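Data block below; observations after.
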Amino acid sequence: MQNTVTSKPAVPVLTLNGRSVELGGERNLLELIRKAGIDLPTFCYHSELSVYGACRLCLVEIEGRGIQASCAVTPEAGLKVRTDTADLREIRRTNIELLLASHHQGCTTCGKSAACRLLELARRLGVDTVRFTARRPPAPLDLTSPALVRDPNKCVLCGDCVRFCHEIQGIGAIDFAHRGSAAAVVPAFNRGLGEVECVHCGQCARVCPTGAIMPRSEEEPVWKALQDPGKTVVAQIAPAVRVALGETLGLAPGEDTTGRLSAAMRRLGFAKVYDTAFTADLTVIEEAEEYLRRRAAGFAGPMFTSCCPAWVRYSELAASDLLPRLSSCRSPQQMFGALARDLLPKQLGVAPENLVVVSIMPCTAKKYEAGRAEFAHNGRRDLDAVLTTQELAHMIQGAGVRFSELVPEPLDMPFACTSGAGLLFGASGGVSEAVLRYAAAKLSGGAAPAANYGAADGTAARREVTVTVNEIRLRLGMVYGLREAQEILKEVRAGTCEYDLIEVMACPGGCVGGAGQPVPAGPETTARRACGLRHAAAAAPLHGAQDNPFITKLYQEHLGEPGGPRAHKLLHTKYQTRRRLGKSDGLPLIHGQDVGRVKVSVCLGTSCHLRGSQKVLRGLAKALEERGLAERVELTGAFCHERCDRGPAVTVNGQVFDHCTAELALAQVEAALAVATGA
Amino acid sequence: MSAAATIKGSRQFDAACAILDRFGRNPTRLIPILQALQEEYRYLPGELLAYVATALGVPPARVYGVATFYAHFTLAPRGKYVIRLCDGTACHVKNSIPILEALRQRLGLTAERKTTPDLLFTVETVSCLGACGLAPVVVINDQVHGQVTPEHAVALVEEIIAREKPAAA
């Protein structure tokens with residue numbers, strides 16, 4: 001008989017600053033050290049992103065291995081680690097000093113200084129002098145994006161933005177270029193952010209430790225309008241704003257500040273403060289009805305939500321084949337804009353030209369959305385300005401309003417009455433939850449109990465929920481992060497996706513994690529904000545959009561039927577394919593010199609490329625040469641005719657031909673040549 | 001313009017497509033693809049990089065980043081004759097700078113403007129060619145010239161101009 005000793009296996013430990021610390025499956029030494037209560041400084045470490053190891057601040061000394069970046073070391077039992085030796089302190093200080101040397105140190109005028117990681121670490125590590133001076137002339141600001149401002153002079157090359165854009169959004173609009181002292185983070189071909197395939201989600205700005213990428217401020221035009229006695233300024237507040245704004249003003253993440261927010265905004269001079277959650281209720285009804293109509297008409301496969309402007313832009317840039325699946329509903333922000341222009345002048349007794357409509361959004365892409373051409377009429381935008389949560393907090397601070405001492409005030413009717421479902425729009429899964437609540441009531445003829453389907457619970461980047469009402473099964477997919485969304489797109493294209501409706505939000509956790517929200521904010525902060533919204537929704541007296549009496553009244557008195565002609569005019573929109581890179585001269589193939597030469601360009605953009613435009617271009621070039629027409633033609637390979645759903649596209653003397661082949665293109669060129677000769 | 005010049009772009013595009021195919025349009029072969037393309041075009045036009053990004057399914061910013069990282073790649077058109085003057089330590093102490101000045105003066109070039117408008121010459125410096133025994137060294141395309149003087153370098157350029165101009169005319 002064997003002796004068996006049963007004892008709990010010893011937990012592996014390592015030694016940290018002379019104390020024993022248990023290993024608990026941490027991915028790297030940095031996480032373990034932070035768990036042990038030591039906040040090692042870093043720039044380039046984000047738990048959501050890959051390990052980069054570039055900033056050299058999380059350095060530790062490991063006995064027998066020397067000095068290493070703890071983010072890039074796997075914890076092992078028996079390691080003897082120190083975080084606080086004289087060498088380490090000196091190296092960290094020098095590293096910060098070197099970063100500061102190539103950083104534009106205009107801290108007093110920098111919008112990021114209150115939340116700047118570089119400034120914070122310089123103070124914390126005791127950097128009191130910078131011995132080196134900048135040697136490069138200042139680079140110009142990138143002001144091409146409607147949502148973001150890039151200041152290359154403040155970049156510390158940590159690569160956080162590059163990795164976020166690539167790893168989480170699957171876009172890669174910015175990347176490292178050049179090297180050595182000339183290294184820089186830039187969009188393709190050193191163009192502006194507004195001239196490349198950026199979707200304006202602004203997550204680069206959220207993770208940027210300095211002020212190198214920042215939301216583009218619209219505070220000044222709003223101040224100007226507020227101080228103009230001839231103007232009546234009204235605002236809408238998005239759901240996610242109320243649970244984050246307090247972070248900048250001394251409150252905890254997730255605390256619902258609606259009442260104080262409303263009070264503060266009246267003190268700033270806003271005449272009326274409304275709730276975007278009201279138009280979120282409207283969106284739910286329009287979107288659910290649209291889906292049910294499509295389903296009844298035999299439209300197979302999933303429909304995508306269209307509330308997230310970064311996602312809409314991504315679809316237009318890179319998923320043009322799926323645009324017919326995108327809901328035609330405007331986002332709640334733009335529905336509000338349309339209603340405000342239509343109803344408020346009369347309701348408030350204001351001349352239309354004197355009504356200024358401002359949005360308060362957790363999002364930078366909303367700035368882009370408000371500027372889209374389809375949301376302007378007679379040269380006037382539906383929304384005059386879009387402020388982020390950060391900007392509004394800054395205005396409140398600037399006005400000297402003591403936020404925490406304010407007595408809460410209600411929002412203004414009628415756009416204040418909102419259901420819990422509408423409030424949930426601010427968190428990932430919220431749109432799905434709201435649609436389910438409406439659909440369950442509708443499909444059951446109002447018999448379904450007011451259930452919570454739990455779609456807005458959970459923090460995973462991809463989730464799903466299935467509900468069966470009256471033997472109709474509804475399966476909803478929810479996703480955040482555009483790379484994760486790209487996986488679903490693959491399934492939709494392959495015909496293996498079984499969802500009925502797919503909710504896509506670009507930002508982690510949905511709008512609560514938007515780039516306009518206070519920074520710094522990691523996944524825990526986002527989760528607390530989402531929790532705050534769920535609590536607010538649970539406390540709301542109205543359960544679903546269908547319960548909102550003001551929505552019912554709005555349809556009766558103003559909009560007619562959901563999805564009807566008037567609703568369609570005000571609440572729906574259209575999409576178009578868009579080029580990823582700004583204007584280009586094209587790749588010249590044949591440079592004919594004849595005076596009356598025909599100008600031909602074949603699109604080489606992604607969509608046309610996948611549809612075989614390369615074959616068209618080569619076939620056409622060869623045919624023109626063989627027929628001896630080269631001198632009479634100027635042929636280029638061009639980038640994007642913005643007809644991605646109809647490619648390959650070929651332009652002959654300004655006229656575009658869709659679904660082109662080399663033969664068709666040749667026939668068109670020959671016809672154009674015949675006209676030229678005839679003339 | 002000659003017929004060949006008229007359709008040069010078409011030939012180059014055919015070659016570019018063949019290069020992409022030769023490397024199986026594999027994004028991990030980006031660097032050899034760019035090398036081969038630069039050999040064909042003598043530089044990497046932005047439009048071509050955008051096309052490479054499209055064909056490989058890689059973000060254009062990544063292709064731009066790779067193309068700007070390596071000193072071997074150039075995004076500006078280069079001359080038919082690329083003159084690389086070594087300015088490594090050995091060549092520098094053996095008076096490489098007067099050679100550079102003489103070449104730039106003869107061709108009307110500066111530190112910023114490296115290529116002549118007729119795209120015949122590009123003059124650039126490199127940090128070491130590994131031929132320190134021949135210092136100072138000038139390499140014109142693949143041909144190495146050792147112990148060069150300013151006069152010698154200018155004479156080499158004149159020789160090329162004399163050879164090229166009648167052909168162009």
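Within every chain, numbering begins at 1; the chains are lettered A, B, ... in the order of the sequence lines, protein sequences first and strands thereafter. All values reported here derive from a predicted model rather than from experimental measurement.
The structure places CZ of B/R62 at 11.0 Å from CD1 of A/I174, a figure rounded to the nearest 0.5 Å. To the nearest 0.5 angstrom, A/I590 atom CD1 is 14.0 Å from B/K8 atom NZ. Between the CZ atom in B/F13 and the CG atom in A/L635 there is a gap of 9.5 Å [rounded to 0.5 Å]. Annotation: the span from B/S10 atom OG to A/L624 atom CG amounts to 8.5 Å, rounded to 0.5 Å.
The shortest heavy-atom contact between A/D175 and B/A61 is CB-O, 3.7 Å. When all heavy atoms of A/H591 and B/G9 are compared, the pair lying nearest together is NE2-N, 4.3 Å. Taking all atoms of both residues into account, the shortest heavy-atom contact from B/T54 to A/T606 is CG2-CA, 3.4 Å. Summarising the geometry of B/A50 relative to A/F189, their closest heavy-atom pair is N-CZ, 3.8 Å, with the distance given to 0.1 Å.
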Can I get a per-line list of side-chain donor-acceptor pairs under 3.5 Å for residues 152-160 of chain B, giving both atom names and the distance, sequence neighbours left out?
residue	atom	partner	partner atom	Å
B/E158	OE1	B/R106	NH2	3.2
B/E158	OE2	B/R106	NE	2.6

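Contact check for A/V196 versus B/Y64: no side-chain heavy atoms found under the 4.5 Å cut-off. The closest side-chain heavy-atom distance from A/P588 to B/E47 is not below 4.5 Å.
Both the backbone and the side chain of A/H178 have a heavy atom closer than 4.5 Å to some heavy atom of chain B. Heavy-atom distances place the backbone of A/F176, and not its side chain, under 4.5 Å from chain B. Neither the backbone nor the side chain of B/A53 comes within contact range of chain A, judged by heavy atoms closer than 4.5 Å. Proximity to chain B (any heavy atom under 4.5 Å) is shown, for A/L604, by both the backbone and the side chain. Heavy atoms closer than 4.5 Å to chain B are found nowhere in A/E634, neither backbone nor side chain. No part of B/A67 comes within reach of chain A, as not one of its non-hydrogen atoms sits under 4.5 angstrom from that chain.
Residue B/E39 places its CD atom among 12 or fewer non-hydrogen atoms of other residues, nucleotides or ligands, all under 6.0 Å distant.
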